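So you know, we letter chains A, B, ... as the sequences are listed, proteins then strands, and number each from 1. Quick caveat, the model's predicted, so the values are computed rather than measured.
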Amino acid sequence: MTNHPGHDIWPASGWPTTPDELIRVQETLAHAAWTPFRPLGRVRVGACYTCFAQAEPGRGRPDDVGWAAAALGDEIAVASAVSPEGYEAGLLALREGPLLEAAVRALTELPDVLLVDATGRDHPRRAGLALQLGAVLDLPTVGLTDRPLLARGDDPEDVRGAASPLSIDGERVGYLLRTKQGARPICVHAAWRTMPEAALEVVLTATGQMRTPEPLRAARTAARVARARDLRG
DNA sequence: GCGACAG
DNA sequence: ATCTTGTCGC
């Protein structure tokens, strides 16, 4: 938890710092060999989330302060820093990667599988931030978003648990999942070491009565609370 | 040229 | 991310 944030976690983070660099990493990760994660037994599901100080529509600003939180069971960890980049679709890792990694690494124990507020295989180079973060942390990950980046899918029926495939040119990259009746479906993305079906299973086990899976709700709340606290003194 | 475009 | 709109429940 950095109280007076700087760019400090970026240079030493090992994450790419330029679009060209990131794109190369994404292309490499998209073709990397992997063994599929099978959710067996009691799987510990964690989540991470980032929010920023500037709340303007459209692209976020460079040099904005960000707060990331990671949640696993009752434990919460938070990290904060100035993020050098604004938001650009396809390059979210430049803005949030090191922040999310820092929050997850601040947990006492790592989860068996991590939910990330970003896409995975649904990406121009098939390597969204959820996939990349999993590779960096060596953890299976699942991406969760409100809407797809490139993928398309039909609306699942309005029954809790109903799902319909999200695809890019016939390639299945995730599912639209109705986690709550009467609520918009969430996008569940295959990411690092997770097939679309495994991703779906993980999300269903982590979801209670609310639309958003519990670990992600916890991380989201924690990040926003940290932001509110730090923006006072 | 215009809209779309994870957070 | 944020905003708008609509609906339901307190």
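- Side-chain atoms of T194(A) come within 3.5 Å of backbone atoms of T141(A) as a donor-acceptor pair (strictly under, hydrogens ignored).
- Residue contacts shown for R121(A) are absent, as no nucleic acid heavy atom lies under 4.0 Å away.
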For this session: Please step through salt bridge (Lys or Arg N to Asp or Glu O under 4.0 Å) for the pair E214(A) and R217(A), ending with a clear verdict.
Result: CA-CA 5 Å; E214(A) 294 303 323; R217(A) 293 185 68 216; 3.2 Å; yes

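- At least one donor-acceptor pair under 3.5 Å links the side chain of R193(A) to the backbone N or O of T35(A).
- Following rounding to the nearest Å, D122(A) (CG) and dC5(B) (C1') show an atom-to-atom distance of 11 Å.
- Per the geometry, CD belonging to E85(A) stands 17 Å off P belonging to dA6(B), to the nearest Å.
- When rounded to the nearest whole Å, the span between CG of L92(A) and P of dA6(B) equals 9 Å.
- By the 4.0 Å N-to-carboxylate-O rule, D112(A) lies too far from R42(A) to be salt-bridged with it.
- Distance noted for atom P between dC2(B) and dT5(C): 25 Å (whole Å).
- We find that CG of L91(A) is positioned 11 Å from C1' of dC5(B), with the value rounded to whole Å.
- Taking atom CD1 of residue I186(A) and atom P of nucleotide dA6(B), one finds them 16 Å apart after rounding to whole Å.
- Remark: the separation of the C1' atoms in dG1(B) and dG6(C) is 34 Å, to the nearest Å.
- With dT2(C), dG7(B), dA6(B) as the choices, the nucleotide that has an atom nearest any side-chain atom of L129(A) turns out to be dA6(B).
- Side-chain nitrogen and oxygen atoms of R95(A) include none within less than 4.0 Å of the OP1 or OP2 phosphate oxygen of dG7(B).
- In this structure, the CZ atom of R147(A) is 13 Å from the P atom of dT2(C), given to the nearest Å.
- Between the base of dA6(B) and the side chain of T119(A) there is a donor-acceptor pair shorter than 3.5 Å.
- E157(A) CD: 12 or fewer foreign heavy atoms inside a 6.0 Å radius.
- Put simply, CZ on R211(A) is 16 Å from C1' on dT7(C), counting in whole angstrom units.
- Nucleic acid contact for H123(A): base, since at least one base atom lies under 4.0 Å from a heavy atom of the residue.
- Distance CZ (R220(A)) to P (dG7(B)): 9 Å, rounded to an integer number of Å.
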Problem set entry | Evaluation steps, salt bridge (Lys or Arg N to Asp or Glu O under 4.0 Å), between R121(A) and E171(A) | CA-CA 10 Å; R121(A) 235 80 230 188; E171(A) 176 191 356; 5.2 Å; no

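- No engagement by G182(A) is indicated, since no non-hydrogen atom pair under 4.0 Å with the nucleic acid exists.
- Formation of a donor-acceptor pair under 3.5 Å by the R178(A) side chain with backbone atoms of A162(A) is not found in this model.
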Seminar exercise, completed: Pairs under 3.5 Å (Watson-Crick or G-U), crossing ones as [ ], inter-strand ones as |: DNA chain B comes out as .......

